[in-house]
Amino acid sequence: MTTRNTVRVRFAPSPTGALHIGGVRTALFNWLFARHHQGAFILRIEDTDQTRSTEESIRIILEGMKWLGLDWDEGPFRQTDRKEIYQAHVDRLLKEGKAYYCYCTPEELDARRKQALAEGRPPKYDRKCRSLKSPIEGRTPAVRFLSPDEGQTIVQDLIRGSVTFENQQLDDLIIRRSDGFPTYNFAVVVDDLTMNITHVIRGDDHLNNTPRQIQLYEAFGYKPPEFAHLPMILGPDKAKLSKRHGATAVTEYKDLGYLPEALVNYLSRLGWSAGDQEIFSVDELIQKFSFDHVGKAAAVFNQEKLLWLNHHYIQQADPSRLGDLLLELLLKDGIVITGNEPDTAWLQRLAGILIERSHTLIEMKQAAIPFILDTITLDEKAKAKHLTQDIAPLLKELIAILKPLNPFTHSELEKTFNDFITRKGIKLGKIAQPVRVALTGGTVSPGIYEVIELMGKDKTIKRIEAALASI
RNA sequence: GGUCCCAUCGUCUAGCGGCCUAGGACGCUGGCCUCUCACGCCGGAGACACGGGUUCGAUUCCCGUUGGGACCA
C-alpha cells in the first residue's frame with residue numbers, strides 16, 4: 001500500500017437537523033471518490049455549535065447514511081471531543097506570532113465597519129488590537145489570525161480550475177471566539193490537516209472560505225489538500241433547496257416510499273454525467289465517477305425524474321425484498337396485524353402485479369389494501385358508472401360460473417371469461433370493469449385475471465355478491 | 001455594497017473548433033397495444049442568454065453586457 005497516495009476524504013455534517021438532500025449529494029460524491037480510489041471515507045460531526053446541535057440529529061444522520069449505503073471507514077469523530085487539539089493549534093499560532101488577541105467588542109467592530117463604509121473604505125478589520133501592548137482589563141479576547149495583506153491566494157479547484165483571491169480583500173479571521181470555541185473555518189482546517197484529508201469535496205458555498213483556509217494551512221506549514229467545490233442543488237424556483245420546497249430530508253424520502261438506490265442514482269446525476277447513461281448501479285458509479293464530468297452550474301432538483309427512477313428500481317427490485325417492504329408498510333398502517341400476516345409467497349405475487357403501476361412503495365401499499373382488507377368501500381363514481389341495473393344479471397351469472405371453477409387460476413379464468421363473453425355477445429370490457437369495481441372499489445387495477453386469481457374464490461364471490469346487493 | 005462562482009430544450013445533461021440541420025433522459029404531446037390504469041413500442045414540439053472579437057470555421061476560445069447564485073458584511 002502506498003500510504004502517500006492514499007485518498008482520504010471526509011463528510012462533515014452539522015447535527016442541527018435532518019440529513020438534507022444537498023448534504024447527501026456531498027456525502028455521495030465524497031464516498032464515490034473514496035471508493036473509486038480505494039481510499040478512506042471519514043465521517044466527522046461538526047457539533048461545535050452546541051446550542052443547535054443535538055444527539056437526535058446525529059442519530060438521524062447516521063441512519064440516513066446507512067440507509068443509502070454510504071458506509072464510512074473512520075469516525076464518526078466529533079469536534080466537541082477535539083477541543084484540546086484546536087486549543088493547541090491556536091496556541092501554536094499565537095506563539096509563532098501568526099495570531100493575536102483581539103479585545104474589540106461586536107459593537108465597536110460594527111461601529112467602525114459602518115464608519116469605514118460611510119467614508120468609502122472597505123469594511124475590513126483595522127487591526128487595532130494587533131499593536132496592543134497589554135491586555136484590556138475586564139474583557140476576554142478573541143484570537144485573530146494574522147493573514148498576509150499582499151499578494152494573492154489561488155485556489156486550485158478540481159472542478160473550477162484556479163480561482164484567484166487578492167489577499168488584501170481578506171481580513172484577519174477570528175480563529176477562536178471569546179467564549180473559547182474555535183470558529184468554523186479554523187476547526188475545519190485543523191481537523192482536515194490532523195486527519196490527513198487529501199481531498200476536500202464540499203458545496204461551492206464554501207469556495208469563498210477556501211483562501212483563508214489555505215492561508216491557515218500555510219501558516220501551519222502544511223500543503224493544502226486538493227479542493228473540489230460541487231455546484232449547489234436548487235429548488236424549482238432556483239433558490240437554494242430548502243424546507244419550503246417540500247421534502248428535503250432523506251428520511252422523508254424513505255417514508256414517502258422511495259428506494260435508496262433510486263435516490264443515489266438520481267443524486268449522482270445531479271451535477272455529474274457519463275455520456276448519455278441515466279441508470280447506474282452503485283458499482284458502475286464507483287467505477288465511472290470522476291471530477292472530469294462534474295459540472296459547474298447549479299442544478300434544480302426535479303421530483304418527477306426521481307419518481308421515474310424510483311419506478312424503475314421498484315420494477316427491478318427482488319420480489320422477496322418488495323414483499324418485505326410491502327408487509328412493513330401494511331403493518332405500520334395497521335392494515336395487516338402482527339401474528340396474522342398473509343402468506344409470504346402470496347405477498348410477493350401481489351407486489352409483483354402492482355409494480356407496473358407503483359411509482360413509490362406507498363402507491364403500492366395503497367393498491368394492495370383491497371386485496372388484504374375484508375371489506376372495501378366502492379368509489380361512488382365508479383359504482384354509478386359500472387354497477388348498473390343492466391349489469392346485475394350478468395354478474396349473477398358470472399358468480400354461478402365462478403363458484404365451481406377449479407383450478408381458480410389465471411388461465412382458467414381467462415378461458416371462462418372468454419367463453420362467457422362469446423356466449424353473451426359482449427366485449428370483455430363490459431363485464432371486466434364492473435367486476436373490477438366490485439373487487440377493488442375503483443376503476444384502476446392490474447389485469448382482471450391477476451386480480452381475481454390473487455384475491456381467491458371466496459373473496460371474489462363475496463365481493464361480487466356485495467356489489468350486487470348494493471345495486 | 002464588496003468578493004467569488006455560474007450560464008445548451010421547462011428540468012437533468014451530452015458536447016472538450018469542423019462529426020451539430022445540437023444528442024440522450026424526465027416531463028409534455030400524437031399514435032399503437034389493450035379488460036381499466038399503467039408498462040412497453042413508434043412519432044412530435046422543445047435549447048446553445050445577448051453583443052463584440054480570435055479563427056477559413058464557433059455551442060465550444062477571449063472580452064464585455066445581462067441574468068442567476070454563493071460568501072462576507
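First the proteins, then the strands, lettered A, B, ... as listed; each starts at 1.
Relative to the six-membered ring of A/Y125, A/R144 meets both conditions, a distance below 6.0 Å and an angle of at most 45° to the axis.
B/rC20 is unpaired under the criterion used here, namely a Watson-Crick or G-U wobble arrangement in which both key atom distances are under 3.5 Å. As the counterpart of B/rU66, B/rA7 is assigned, both hydrogen-bonding distances of the Watson-Crick or G-U wobble pattern falling under 3.5 Å. Across the strands present, B/rC37 finds no partner; the criterion is a Watson-Crick or G-U wobble pair with both atom distances under 3.5 angstrom. Base pairing analysis places B/rG57 opposite nothing; no Watson-Crick or G-U wobble pair with both distances below 3.5 Å involves it. Pair assignment for B/rA14 gives none, since no Watson-Crick or G-U wobble pairing has each distance under 3.5 Å.
For A/I448, the side-chain atoms get nearest to B/rC35 when compared with the rest of B/rC35, B/rC12, B/rC26. Out of B/rC35, B/rC12, B/rA38, the shortest distance to the side chain of A/L270 is found at B/rC12. Relative to the side chain of A/V163, the nucleotides B/rC71, B/rC5, B/rA38 differ in distance, and B/rC5 lies closest. If you check B/rA38, B/rC4, B/rU13 against the side chain of A/R357, the one that comes closest is B/rA38. Checked against B/rC4, B/rC12, B/rC35, the side chain of A/A299 finds its nearest nucleotide in B/rC12. Closest to the side chain of A/Q315, out of B/rC37, B/rU13, B/rC39, is B/rC39. When distances run from any side-chain atom of A/R269 to the nucleotides B/rU13, B/rC35, B/rC6, the shortest one goes to B/rU13. With B/rC71, B/rU36, B/rC35 as the choices, the nucleotide that has an atom nearest any side-chain atom of A/V444 turns out to be B/rU36. Taking only side-chain atoms of A/K296, from C-beta outward, the nucleotide of B/rC4, B/rC6, B/rC35 with the closest atom is B/rC6. Comparing B/rC12, B/rU36, B/rA7 against the side chain of A/A297 picks out B/rA7 as the nearest.
With both ends at atom C1', the span from B/rA70 to B/rA47 equals 26 Å, rounded to whole Å. Spacing of C1' atoms, B/rC37 relative to B/rG24, comes out at 28 Å, to the nearest Å. Taking the P atoms as reference points, B/rA14 lies 14 Å from B/rA49, given to the whole Å. B/rG46 sits 15 Å from B/rG30 when the C1' atoms are compared, rounded to a whole Å. Only the C1' atoms considered, B/rG1 is 47 Å distant from B/rC56, to the nearest whole Å. The separation of B/rU60 from B/rU54, taken at their C1' atoms, amounts to 13 Å, rounded to a whole angstrom. Separating the P atom of B/rC28 from that of B/rU55 is a span of 48 Å, rounded to the nearest Å. For B/rC26 and B/rC62, the P atoms lie 34 Å apart once the distance is rounded to whole Å.
Residue A/H293 contributes atom NE2, which lies 16 Å from atom C1' of B/rC12 at whole-angstrom precision. Atom NE2 of A/H229 and atom P of B/rC71 are 12 Å apart (whole Å). Going from atom CG of A/N209 over to atom P of B/rA70 covers 14 Å, rounded to whole Å.
In this structure, A/Y266 and A/F301 have perpendicular ring planes: the angle between them is above 60°, well past the 30° mark. Between A/Y258 and A/Y253, the ring planes lie perpendicular to each other; the angle is over 60°, past the 30° to 60° tilted range.
Residue A/R436 places a side-chain atom within donor-acceptor reach of the base of B/rC35, judged by atom type and a 3.5 Å distance cut-off alone. Under 3.5 Å, the side chain of A/Q169 and the base of B/rG2 form no donor-acceptor pair of N or O atoms. Between the side chain of A/D276 and the base of B/rA14, no donor-acceptor pair under 3.5 Å is found.
Test A/W272, A/F289, A/Y313 against A/F280 for ring pair (Phe, Tyr, Trp, His ring centres under 6.0 Å) and you get one pass: A/W272.
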Task: Stepwise side chain to side chain contact (heavy atoms under 4.5 Å, CB included) test for A/F186 and A/R176 - done: CA-CA 8 Å; A/F186 184 73; A/R176 191 184 70 194; over 6 Å; no
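Between B/rC12 and A/K305, no contact under 4.0 Å exists linking OP1 or OP2 to a side-chain N or O. Side-chain N/O atoms of A/S273 include one lying less than 4.0 angstrom from OP1 or OP2 on B/rA14.
Although no hydrogens or angles enter the test, the distance criterion places a donor-acceptor pair under 3.5 Å between the side chain of A/E284 and the main chain of A/S281.
The neighbour count for A/E218 CD, taken as heavy atoms of other residues, nucleotides or ligands under 6.0 Å away, is above 12.
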